[in-house]
Protein chains: 2
Amino acid sequence: MKKTKQEIVADYRRSAILDAARTVFARRGFAGGILDEIAQEAGIAKGTLYLYFKGKEELYKAVLDHDMRTLRQSTLNRVDAAATLREKIAAFTLVRLQNGDARREFFRIMDQEQQNLTMTRTQYSDWVREPVEHLAAAIAEAVSRGEIRDVPAEKVAWNIADITRGAIQRRLMGRSSGTVEEESDYLTGFVWAALEKSPAP
Amino acid sequence: MKKTKQEIVADYRRSAILDAARTVFARRGFAGGILDEIAQEAGIAKGTLYLYFKGKEELYKAVLDHDMRTLRQSTLNRVDAAATLREKIAAFTLVRLQNGDARREFFRIMDQEQQNLTMTRTQYSDWVREPVEHLAAAIAEAVSRGEIRDVPAEKVAWNIADITRGAIQRRLMGRSSGTVEEESDYLTGFVWAALEKSPAP
DNA sequence: CAATAAAATGACCGTATGGTCAGTGACAAG
DNA sequence: CTTGTCACTGACCATACGGTCATTTTATTG
């Protein structure tokens, strides 16, 4: 069924509001984010916000939902598509770094989002955990195949997530000059050196 | 010169206020932290807060100042005291983990503190950077001595800081069961495997 | 074009909270 | 005991902000 003109306009408004909200929440956090400012940024009046979202909290959740879902999905896709463990690690770091560069504002929100919104935290922390656990499974399998050293798969997977996040943050703060590919290569190489059984002398 | 009774009481008040503020800011962040709540937690009236601090921002900064200074100092002491690179890495991870366990509230604030208080950010980011750069120097030196592989010292130092921070966060969130010593040993071992020149097969 | 419906607006309201200050009382000095 | 000082108090104020809704603007229909 074709979209009516109203639906198109409504979709456009909705995403304009989400973009504005992302910008403002990234700048000031949840508690500090001001709805008047979001409305202005979106080019509408404050009252209009309430035609599309129930209130501040729902708006915030809508931003997080959308962006985290996207990040989770693209990470899973690329990690699962990779054939070898090393490629999976490279894929993981690269997707995250690319996302970090492309959607700075969302990553700023992610950093703050450590404890707020306790109600829905389980949901979000699942979305964070899932890709890491896919990595962990691949690591465990590589260990059992004897491809790499005997390491605790889950811990290592989280370590990979941690150094990737750190690299992204340093990029967001303006340090670190190279391309995301270079950064991903470096990270993958570092981790691989820790996993390798016996590098040639 | 001996402290007068007033000075003793004043010191006590001051630190009670700092403790209360740390608790509340850790729970609700800067924007959400309520001065009435801090006063109640400290067992004083709100007006009294203003006898000891100029306002909300100064109070927040006082907490961060005190705790970050302490963390920076204890990290530097222990890292610099360690003789070998491996011991320095172990020292770094261990102090941070110990601090993470002992001062959960401060670390929760740290996590949130990514962009607020832009004025003083340079100050704080120096305090974060300094210990990492001591590590980096030790790594660079070990590289030039041929003790470890040829790695980019600064990057590796930040990677160590990143995995340590991640480990602390997972502990704060209630996952991860072992002692801080076990965790530190694991992290050190992981990093060392990545740095080692040629492990015996 | 008129009539009607739908969408958007922004002035307005209530509440929460950072900050103030006139008043209180505990304590020290004499 | 009296007096003066000063840390302390909490009622109070001003402001900011989330949320509402009567009114206005825009779109649709006949």
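Treat the numbers as computed from the prediction; the structure is a model and nothing was measured. Within every chain, numbering begins at 1; the chains are lettered A, B, ... in the order of the sequence lines, protein sequences first and strands thereafter.
- Looking only at distances, no side-chain donor or acceptor of A:Arg165 sits under 3.5 Å from a matching main-chain atom of A:Arg96.
- The residue B:Gly32 sits apart from the nucleic acid: no heavy atom pair falls under 4.0 Å.
- With 3.5 Å as the limit, one finds no donor-acceptor pair spanning the side chains of B:Gln40 and B:Asp36.
- Extent of DNA chain D lying under 4.0 Å from chain A heavy atoms, first and last nucleotide in 5' to 3' order, is D:dC17 to D:dT28.
- Judged by the 6.0 Å and 45° rule, B:Lys155 forms a cation-pi pair with A:Tyr186.
- Counting only residues at least two apart or in different chains, ring-ring contact (aromatic ring centres under 6.0 Å, His included) contacts with residues 84-109 of chain B are absent.
- Between A:Glu196 and A:Arg149, none of the side-chain N atoms (NZ, or NE/NH1/NH2) sits under 4.0 Å from a carboxylate O, so this pair counts as no salt bridge.
- Atom CZ of B:Arg28 is separated from atom P of C:dG18 by 11 Å (rounded to the nearest Å).
- A donor-acceptor contact under 3.5 angstrom links the side chains of A:Arg78 and A:Gln98, judged on distance only.
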Give each protein N/O atom lying under 3.5 Å from an N/O atom of nucleotides 6-11 of chain C, with the pair distance.
from, atom 1, to, atom 2, distance (Å)
C:dA8, OP1, A:Arg13, NH1, 2.5
C:dA8, OP2, A:Tyr52, OH, 2.9
C:dT9, OP2, A:Ala45, N, 2.9
C:dT9, OP2, A:Thr48, OG1, 2.5

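- Distance B:Asp36 CG to C:dA16 P: 12 Å, rounded to the nearest Å.
- Using a cutoff of 4.0 Å between basic side-chain nitrogens and carboxylate oxygens, A:Glu105 and A:Arg27 are not scored as salt-bridged.
- Below 30°, between 30° and 60°, or above 60°: for B:Phe30 and B:Tyr60 the angle between ring planes is between 30° and 60°, a tilted geometry.
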